[in-house]
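Down below is the structure, laid out as structure tokens.
Model, not experiment: these values are computed from the prediction. Reckoned from all heavy atoms, side chains included, excluding hydrogens, waters and symmetry mates. In what follows, chains are A, B, ... by sequence order, proteins preceding strands, each numbered from 1.
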Protein chains: 2
Amino acid sequence: MLLYRQFQHGKPRVTEPSWPRSGENLEITHKRGKPTLRTIATIAGLAVTTVSRALSDAPQISLETRQRVHRIAREIGYLPDRAAQRLKTGRTNVIAILLDSHEEVVGFSTSIMYGIAKALKETSYHLVVAPNFLSTTDVEAAEYIVRNHLADGLIFTRTEPLDARVRLLLETGFPFICHGRTEFSTPHPYVDYDNFTFAYEATRRLIAKGRKKVAVVLPPKRLTFCQHILHGFMTAVREAGIAYEIPETVDLDTPADVLRDFISSRAAALEAPDGFICPGEVSALAVISGMSDAGRTLAVDYDIVAKETSRLLTQLQPKVDTIHEDLTAAGEDLGRMLLQRINNADAEDLHLLLPPQINFPVDQAL
Amino acid sequence: MLLYRQFQHGKPRVTEPSWPRSGENLEITHKRGKPTLRTIATIAGLAVTTVSRALSDAPQISLETRQRVHRIAREIGYLPDRAAQRLKTGRTNVIAILLDSHEEVVGFSTSIMYGIAKALKETSYHLVVAPNFLSTTDVEAAEYIVRNHLADGLIFTRTEPLDARVRLLLETGFPFICHGRTEFSTPHPYVDYDNFTFAYEATRRLIAKGRKKVAVVLPPKRLTFCQHILHGFMTAVREAGIAYEIPETVDLDTPADVLRDFISSRAAALEAPDGFICPGEVSALAVISGMSDAGRTLAVDYDIVAKETSRLLTQLQPKVDTIHEDLTAAGEDLGRMLLQRINNADAEDLHLLLPPQINFPVDQAL
DNA sequence: TCGAGGAATGAAAACGTTTTAAATTTTAAC
DNA sequence: GTTAAAATTTAAAACGTTTTCATTCCTCGA
């Protein structure tokens, strides 16, 4: 025991440091090849415990030792073993994103995921895609993840006012953040796009352009942001005292051909709208297509203001006024704020309403 | 010691089984709440070792015991701890997908990921998104994952003939599969879409419709499938001895407005093409838009055959002939085959070329 | 009755961390 | 010079598996 101490610890202290330097051969190969805490400990002539604490910058380890350990770790390319850390601490270092089948069609979530990944880049967190692991519904998927501690936090989109996922996660106290708001009284973290302002400004734009009757393609009614859009739309409509119309049989998730046919037959009938709010690229294209079928020309017979999450629409149809929603940025915020939540930040401080980016070209303004 | 054996093991053997039944209270709560092998062992009056083997259906465990253990595990909702398994076995149970920044724009990968997730659903594998963890290039990201054993297998898309990622992974012997082929002599698993046939059939369709000069929007030249498309196109062109044109200054990744403007100015010049192959929705829309700017009418002055990965184009523009590529199915194959590869299936058997799904409407055929 | 041999089960070690509690060294105070 | 306190460092246990090797029990042939 004493001998061990003399050899392991005493020596480096008395004489010159004896661990190998940068250029020398550091191949203290472990069973699996990868360097571990023990590799560093051997090199530094320290105990594994000390190395562990030094790497987490515990104050009781002397500054000199900490720096030395950090340097060695860097030199041999040490990376803590995720499995061992997870086993010991119970933290998974994983963020899960729930993607429902809606996303498959639209490709909506790629940008968001890209943003989340960006936020996670410098951290030890990984992003795992949880389509719905063994379950059929989103809630079951969430439940499964929570029950089995498959992640430290959860992200999902398209909330409903009394979203079942939110309810579950609030009840279990599991860290999460969602894209979209709810009506629960308990505050919870969220990132949302200001769809009220989007719809309000979009409607005002149509009115400013002299349109006489405006219409809006609403999202499915069960989603929270449908109310926001409706509210923004109606506010602008009432302020201006203008005619309006809200299609009941189609919505944002309606297949493009159905929406197109609806629009074109509506255009043929009496008192058709001449201004459209489209909260998505696909719906905008469908409207353009439908109106074109009915012989109407964009920017002449009617106008569109569309929300776009790419630059596709602006590029293809400069005549469409667009208001941008930056989903990658939203994803970045989602990731960042969820990490804060996991570190026990107050839910009330984790609310973010992202402002619409209005792109109306000046030369087209009246 | 002897006493322990009598109590732990002997008893259930001699008397009636004494473990709790389905209805009874099974709350043998562990430190962290989750049931572990020890929970089952205690309930069953067996050793942890035996339970572990029973669950993996080792032949040396009696059938009766195996069934009993399985039943208990099911009843208490046991799920093996991923961290512990990973630590012990060295297998991560993780598949990583590398997404490069290109995907951000197009939303291309969502469908693929959905497919992969589908293939992984009944397995113990999770899908993690590796944008490029700490690195700038794709190769570095792959290297990082390999070096630190962050996954058991890797998936990526858009291969080049001498893809650096493929080279790295072949050299290190790390399991992977890619969407797209390469020119390496060592066989490696891949799933690819038959872009030759796509381009060949698309070109023939335009010719059959009576078009006099065909053009194709090619993918970036560095990508393998650019050659396949070019080859299919040229084969059909030569067979028919028809005029053709290959734009040099634009490609599939060109921003839509640039492509649109290119097309419209080209249409205005001499001997403009009247048939277009567009290997993507966005390029098709850009071509339609550009031709429309030049006063040309689709299906009258010119025709388009487009590859589509959604149903968007068919829905919006029934006049565009489309050939479908099912990316979700591709993802499913990618996932399934990568798992096979991880289980040491021969790389030569893991080659899949998915056939184009041709959607040419009958009533429009000549 | 005895051991041999096979069938079934069990103990213990290990994977690489973190953490609790203990040990050792250094410093400070007398 | 002691000795107590402060500053460092260390040993050992634990997280939940899997795996190697050992143990127990039973059957069977002599």
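Following rounding to the nearest Å, B/Gln85 (CD) and C/dT17 (P) show an atom-to-atom distance of 19 Å. Residue A/Asn93 contributes atom CG, which lies 13 Å from atom C1' of C/dT18 at whole-angstrom precision. We find that CG of A/Leu87 is positioned 13 Å from C1' of C/dT19, with the value rounded to whole Å. Counting to the nearest Å, the P atom of D/dT17 and the CG atom of B/Asp81 are 6 Å from each other. We find that CG of A/Leu37 is positioned 14 Å from C1' of D/dT10, with the value rounded to whole Å. What separates CG of A/Asn148 from P of D/dT17 is a distance of 12 Å, to the nearest Å. A straight line from CZ of A/Arg38 to P of C/dT18 spans 16 Å, rounded to a whole angstrom. Atom CD1 in A/Ile61 sits about 13 Å away from atom C1' in C/dT18, given to the nearest Å.
One N or O donor and one acceptor, one from the side chain of B/Thr49 and one from the base of C/dA12, sit under 3.5 Å apart. The base of C/dG10 sits with one of its N or O atoms less than 3.5 Å from a complementary donor or acceptor on the side chain of B/Arg53.
OP1 or OP2 of D/dT9 sits under 4.0 Å from a side-chain N or O of A/Ser62. Put simply, A/Thr65 has a side-chain N or O that comes within less than 4.0 Å of OP1 or OP2 on D/dT9. The phosphate of D/dT10 (OP1 or OP2) has a side-chain N or O of A/Thr50 nearer than 4.0 angstrom.
Nearer to the 5' terminus of DNA chain C, by closest-nucleotide assignment, is the contact made by B/Leu63 (compared with the other of B/Leu63 and A/Ala83). Nearest-nucleotide mapping onto DNA chain D: of A/Val48 and A/Pro59, the residue sitting toward the 5' end is A/Pro59.
The closest side-chain donor-acceptor pair between B/Ser62 and B/Thr65 falls under 3.5 angstrom.
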**OP:** Give the intermediate values and the outcome of side chain to side chain contact (heavy atoms under 4.5 Å, CB included) for residues B/Arg336 and B/Leu120.
**Re:** CA-CA 7 Å; B/Arg336 185 175 47 75; B/Leu120 266 38; over 6 Å; no

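Of the inter-residue distances, the one linking B/His179 atom NE2 with B/Ile112 atom CD1 reads 5.0 Å to the nearest 0.5 angstrom.
Judged by distance alone, with hydrogens and angles left aside, the side-chain atoms of A/Ser56 form a donor-acceptor pair with the main-chain N or O of A/Ser52 at under 3.5 Å.
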Close N/O contacts between protein and nucleotides 5-7 of chain C (under 3.5 Å):
none

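Salt-bridge check for B/Glu75 with B/Arg71: passed, with a basic side-chain N closer than 4.0 Å to an acidic carboxylate O.
The side chain of A/Ala84 has C/dT17 as its nearest neighbour among C/dT18, D/dA11, C/dT17. The side chain of B/Ser52 lies closest to D/dT18 when the candidates are C/dG16, D/dT10, D/dT18.
For the pair B/Tyr125 and B/Val94, the minimum side-chain heavy-atom distance is 4.5 Å or more. Here the side chains of A/Leu98 and A/Ile155 are not in contact, with every heavy-atom distance at 4.5 Å or above.
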